[in-house]
Number of protein chains: 2
Amino acid sequence: MKRNTLASLIWVRITRFTHQSALLSNDFLKSFDITAAQFDVLNQIGTYQPLSQSELAEKITISAGGISRMLSRLERDGYIQRTSEWKTKWISLTDKGEAKLESVFEHQLAFQTSLMEDCLSREEQKTLYKLMTKVQRHTEKELGQ
Amino acid sequence: MKRNTLASLIWVRITRFTHQSALLSNDFLKSFDITAAQFDVLNQIGTYQPLSQSELAEKITISAGGISRMLSRLERDGYIQRTSEWKTKWISLTDKGEAKLESVFEHQLAFQTSLMEDCLSREEQKTLYKLMTKVQRHTEKELGQ
DNA sequence: AATCTTTATTTGACTAGTCAATTGATCAAG
DNA sequence: CTTGATCAATTGACTAGTCAAATAAAGATT
């Protein structure tokens, strides 16, 4: 039996990279007392607030249940608030959340950037971006039908 | 403040792809009554058995605790066995595990392959593989030091 | 033989997520 | 009004993983 294809090898590389870079990222963010997943959510809220829970879930491709739990933790830690104004429940950052995002943002950006720049040229990065965009869009489309 | 870099955009694409393709994959594997993570582990064991728990953990870049829990579930479901021969604990597939791997393998391979081939040419796949290998190797190296 | 060190594995307390069933609230008729 | 339909959010029961502390099992040292 054929043990693998080019596609499956790509798959493994991408999966391992995601997992390993998450470990690295979490380790790095530890000093800011926040996790990579939490940062991702705070960042989205910061960019699009105010927004509803389902809009947020959609943006980060997470289930309704998943976002509910994540927001409970962030609310418990005082980073976000859920205000039930009129008929919709809006999510927004608290001052504490805003400050946290502000203080972490540039470091996280620099961290991600250096990890790529350490091993890929500008041209290679452009190519990788183009290819990953293609495949991610395709997967997203598949998922939606 | 600069909101992002090319590297951070790549990051988002890769992360979203991994998450979305895992959803797709799990959905597909549902009919085989197995998850993508379990398949990954069974596949590694099938390829390298017999091997110790820590060797396996190393191969899939998972923590010792993580592999312990995963193997407990796989053992509970009858897919693997842990035999304490002489002084080392060896992991291997049971007949049921072997059969499961055998029956799922080609489908999963075809699934992964088609998702890539649907949107990338052969040349693009080669390029993507080369670039992802570079960045994954780099991340792995970072992680190890 | 008895203790000490090392290395492998497990376990407790979490985060992060899934799916499916339930609960809640708003609106559109009957 | 009340009775459903609809859509949002929560919750229960899981999987999958982390880190750190606790155990286990050998092997080496005194």
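Throughout, a chain's letter reflects where its sequence line sits, starting with A, and its residues are numbered from 1. Side chains are part of it too, since the values below use all heavy atoms of this structure and drop only hydrogens, waters and symmetry mates. Note that the structure is a prediction, hence the values are computed from the model and not measured.
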Query raised in the report: Is N26(B) reaching over with its side chain to a backbone N or O of T35(B), donor-acceptor style, under 3.5 angstrom?
Result: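 Not a single qualifying donor-acceptor pair exists.
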Report task. Pick base, sugar-phosphate or nothing for T35(B), based on heavy-atom distances below 4.0 Å to the nucleic acid. Result ->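 Counting heavy atoms under 4.0 Å across all strands, the contact made by T35(B) is with sugar-phosphate only.
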What I'd like to find out is whether the side chain of [X] reaches to under 4.5 Å of the side chain of [Y], using heavy atoms alone.
{"X": "I80(B)", "Y": "Q49(B)", "result": "no"}
{"X": "S21(A)", "Y": "M116(A)", "result": "no"}
{"X": "Q108(A)", "Y": "F28(A)", "result": "yes"}
{"X": "D27(A)", "Y": "L23(A)", "result": "no"}

Restricting to nitrogen or oxygen on both sides, can you table the protein-nucleotides 8-11 of chain D pairs closer than 3.5 Å?
from	atom 1	to	atom 2	distance (Å)
dA9(D)	OP2	S54(A)	N	3.0
dA9(D)	OP2	S54(A)	OG	3.3
dT10(D)	OP1	R82(A)	NH1	3.3
dT10(D)	OP1	K89(A)	NZ	3.4
dT10(D)	OP2	Q53(A)	OE1	3.4
dT10(D)	OP2	Q53(A)	NE2	2.5
dT10(D)	OP2	S68(A)	OG	2.9
dT10(D)	OP2	R82(A)	NH1	3.0

Can you check the [X] [atom1] to [N] [atom2] distance for me, whole Å?
{"X": "M70(B)", "N": "dT10(C)", "atom1": "CE", "atom2": "C1'", "value": "16 Å"}
{"X": "R76(B)", "N": "dA13(D)", "atom1": "CZ", "atom2": "P", "value": "16 Å"}
{"X": "R73(B)", "N": "dT10(C)", "atom1": "CZ", "atom2": "C1'", "value": "14 Å"}
{"X": "L29(B)", "N": "dA16(D)", "atom1": "CG", "atom2": "P", "value": "11 Å"}
{"X": "L51(B)", "N": "dT9(C)", "atom1": "CG", "atom2": "C1'", "value": "15 Å"}
{"X": "D77(A)", "N": "dC14(C)", "atom1": "CG", "atom2": "P", "value": "13 Å"}
{"X": "L56(A)", "N": "dA16(C)", "atom1": "CG", "atom2": "P", "value": "14 Å"}
{"X": "F39(B)", "N": "dA16(D)", "atom1": "CZ", "atom2": "C1'", "value": "18 Å"}

Query raised in the report: Does any residue of residues 7-27 of chain A have a heavy atom under 4.0 Å from DNA chain C, and if so, which ones, in number order?
Result: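 Listed by number, there are none.
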Query raised in the report: Within the structure, does a side-chain N or O atom of S63(B) lie under 4.0 Å from either OP1 or OP2 of dC19(D)?
Result: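 For dC19(D), neither OP1 nor OP2 has a side-chain N or O of S63(B) closer than 4.0 Å.
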Query raised in the report: Has K30(B) got a side-chain N or O lying under 4.0 Å from the OP1 or OP2 atom of dA20(C)?
Result: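 Result: yes.
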Query raised in the report: Looking at CG of L115(B) and OG of S8(A), how far apart are the two atoms once the value is rounded to the nearest 0.5 Å?
Result: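 One gets 12.5 Å once the value is rounded to the nearest 0.5 Å.
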Report task. Quick one: pull up CG in L42(B) and CG in L74(B) and give me the separation to the nearest 0.5 Å. Result ->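 Going from CG on L42(B) over to CG on L74(B), the span is 5.5 Å.
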Query - Side-chain ion pair, E140(A) and R137(A), N-O less than 4.0 Å - result: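 Salt bridge between E140(A) and R137(A), a charged N being under 4.0 Å from a carboxylate O: no.
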Report task. Measure centre to centre between the rings of W11(B) and Y129(A), then say whether the value is under 6.0 Å. Result ->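 Not under 6.0 Å, so no.
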